[in-house]
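Here is the naming used below: chain letters follow the sequence lines, and residue numbers restart at 1 for every chain. These numbers come from a predicted model, not from an experiment.
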Number of protein chains: 2
Amino acid sequence: MKLSDGVEAAIHCATMLAALKDDAVLPTTALAEFYGVSASYLAKHLSALVRCDILISVNGPAGGFRLQRPADKITLLDVVLAIEGDAPAFRCAEIRRNGPGAPDASAYIKPCGIKSAMLAAERAWRGELAKTSIADLVQSFRAEADPRSLARNRAFVADTARVQPRTD
Amino acid sequence: MKLSDGVEAAIHCATMLAALKDDAVLPTTALAEFYGVSASYLAKHLSALVRCDILISVNGPAGGFRLQRPADKITLLDVVLAIEGDAPAFRCAEIRRNGPGAPDASAYIKPCGIKSAMLAAERAWRGELAKTSIADLVQSFRAEADPRSLARNRAFVADTARVQPRTD
DNA sequence: CTTATCCTGGATAAGAAATATCCACAATTA
DNA sequence: TAATTGTGGATATTTCTTATCCAGGATAAG
């Protein structure tokens with residue numbers, strides 16, 4: 001069992017975007033370079049976040065991504081499900097119905113106890129992920145991170161953020 | 001994110017073995033046929049359970065597997081970790097240290113908040129799995145399963161179980 | 001209106017991991 | 001000695017992940 005590498009990148013990008021003001025955005029290439037990951041692959045993940053209404057994308061020059069809503073309304077679970085999909089990790093193949101002499105489907109209306117227990121554990125996992133918001137991560141980063149790391153992130157946002165042109 | 005198919009088979013086999021008496025055992029081929037799964041592949045998973053001290057294997061004719069300890073001392077977590085390995089699902093690649101201008105390792109002594117949150121969720125998952133024992137599963141199966149399914153399992157054990165020869 | 005930038009989605013391929021099979025070998029029983 | 005069964009290694013096969021590339025559309029600036 002392994003989570004996609006994209007999860008780590010997606011969460012980092014979301015926390016970075018949470019530092020933007022107003023309608024500013026950050027482009028894929030800048031984020032990919034900052035985190036040292038593949039730009040074309042990161043683009044796939046960011047698109048997934050857009051499809052799940054976690055990010056908003058802006059096309060054209062000075063385009064990029066920003067959060068779709070306040071960072072305290074976006075949970076780790078939202079991001080993980082956007083990248084991984086919402087299928088449960090335990091896929092019951094119903095092997096209890098296999099083999100010779102197995103009764104027909106009417107004998108298996110009640111869910112398998114194994115499946116129930118495995119899915120209960122996943123609910124606990126998801127529940128825990130839902131407790132942490134992107135805002136929580138930003139806050140703990142600001143409170144605990146090394147000053148050098150903090151400064152680097154701030155400089156990146158300051159240098160790279162782009163503001164949407166005003167339609168005055 | 002997906003759990004190995006072997007997890008389902010391993011748990012089913014463990015619950016079946018919990019119905020054995022004394023030193024009786026069940027061979028791989030019988031279990032594989034009963035659940036309609038690949039015998040040679042199931043053998044791999046059963047070996048993993050032996051390596052993790054969940055099952056005991058008996059060689060030779062009339063050989064097979066049985067539980068290493070009482071079913072209430074074996075949890076779902078034990079079985080899942082035996083099949084999946086105990087590496088966490090979230091593998092932090094520390095991309096926060098990547099990219100140009102990143103400070104050296106001394107700036108990243110404190111663990112990343114993202115990693116901490118992801119691992120906390122996994123602890124919740126594992127904690128939930130640890131709450132359910134093989135004995136719990138057997139009990140709920142006996143209480144809730146369809147009589148036809150129950151009878152089939154009982155007949156299988158009665159027909160297939162083998163007892164170790166006595167060293168009188 | 002043209003150019004440059006950037007996101008989008010599909011096609012595609014390389015790589016890793018899960019799934020599955022086979023076989024030689026050791027252990028054990030009859 | 002012959003038959004049965006688990007063990008571990010080697011090896012395919014399939015599936016999923018990771019990664020790249022490109023054509024297309026949207027948009028801003030000149």
Who pairs with [X] by side chain to side chain contact (heavy atoms under 4.5 Å, CB included), at least two apart in sequence or on another chain?
X      : result
B:P70  : B:D72, B:K73
A:E33  : B:P100
A:A145 : A:F141
B:A124 : A:E128

Point to revise | Side-chain N,O (A:T28) to OP1/OP2 (C:dC6) below 4.0 Å | key: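 For C:dC6, OP1/OP2 do not have a side-chain N/O of A:T28 under 4.0 Å.
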Practice item. Measure from NZ or CZ of A:R148 to the centre of the six-membered ring of B:Y108 and say whether it is under 6.0 Å with the direction within 45° of the ring axis. Key: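 Output no; distance or angle outside limits.
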Review point. Is the Lys NZ or Arg CZ of B:R152 less than 6.0 Å from the centre of B:F34's six-membered ring, within 45° of the axis?
Key: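 Checked: cation-pi criterion met.
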Exercise for review: Residues of residues 33-50 of chain A with any non-hydrogen atom less than 4.0 angstrom from an atom of DNA chain D: list those, numerically ordered, please.
Suggested key: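 By residue number: A:S38, A:S40, A:Y41, A:K44.
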**Study point:** Proximity to DNA chain D (any heavy atom under 4.0 Å), residues of residues 85-95 of chain B only
**Key:**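 Contacts with DNA chain D under 4.0 Å: none.
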Out of [options], which nucleotide sits closest to the side chain of [X]?
X      : options               : value
A:R162 : D:dT5, C:dC6, C:dT19  : C:dC6
A:P27  : C:dA4, C:dC6, D:dG8   : C:dC6
B:D5   : D:dG6, C:dC7, C:dT19  : C:dT19
A:N59  : D:dT18, D:dG6, D:dT27 : D:dT27

Please report, rounded to the nearest Å, how far the [atom2] atom of [N] is from the [atom1] atom of [X].
X     : N      : atom1 : atom2 : answer
A:E84 : D:dT18 : CD    : C1'   : 13 Å
A:M1  : D:dT15 : CE    : C1'   : 18 Å
B:R51 : D:dG8  : CZ    : C1'   : 9 Å
A:L3  : D:dT18 : CG    : P     : 10 Å
B:L26 : D:dT4  : CG    : P     : 18 Å
B:K2  : D:dT14 : NZ    : C1'   : 12 Å

Exercise for review: Both distances under 3.5 Å, Watson-Crick or G-U wobble: report the partner of C:dT12, or none.
Suggested key: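 Check on C:dT12: paired to D:dA19, both distances under 3.5 Å.
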Review point. Hey, does B:T29 reach any base, or is it just sugar-phosphate, or nothing, if we go heavy atoms under 4.0 Å?
Key: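 No contact.
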Point to revise | Under 3.5 Å: donor-acceptor pair, side chain of B:R69, backbone of B:D53 | key: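 Pair found, side chain donor or acceptor close to backbone of B:D53.
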Check your understanding: Looking at CG of B:N98 and NE2 of A:H12, how far apart are the two atoms once the value is rounded to the nearest 0.5 Å?
Key ->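 Interatomic distance, B:N98 CG to A:H12 NE2, rounded to 0.5 Å: 9.0 Å.
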Review point. So, B:T75 versus B:D78: side-chain donor-acceptor pair below 3.5 Å or not?
Key: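 Indeed, the side chains of B:T75 and B:D78 share at least one donor-acceptor pair under 3.5 Å.
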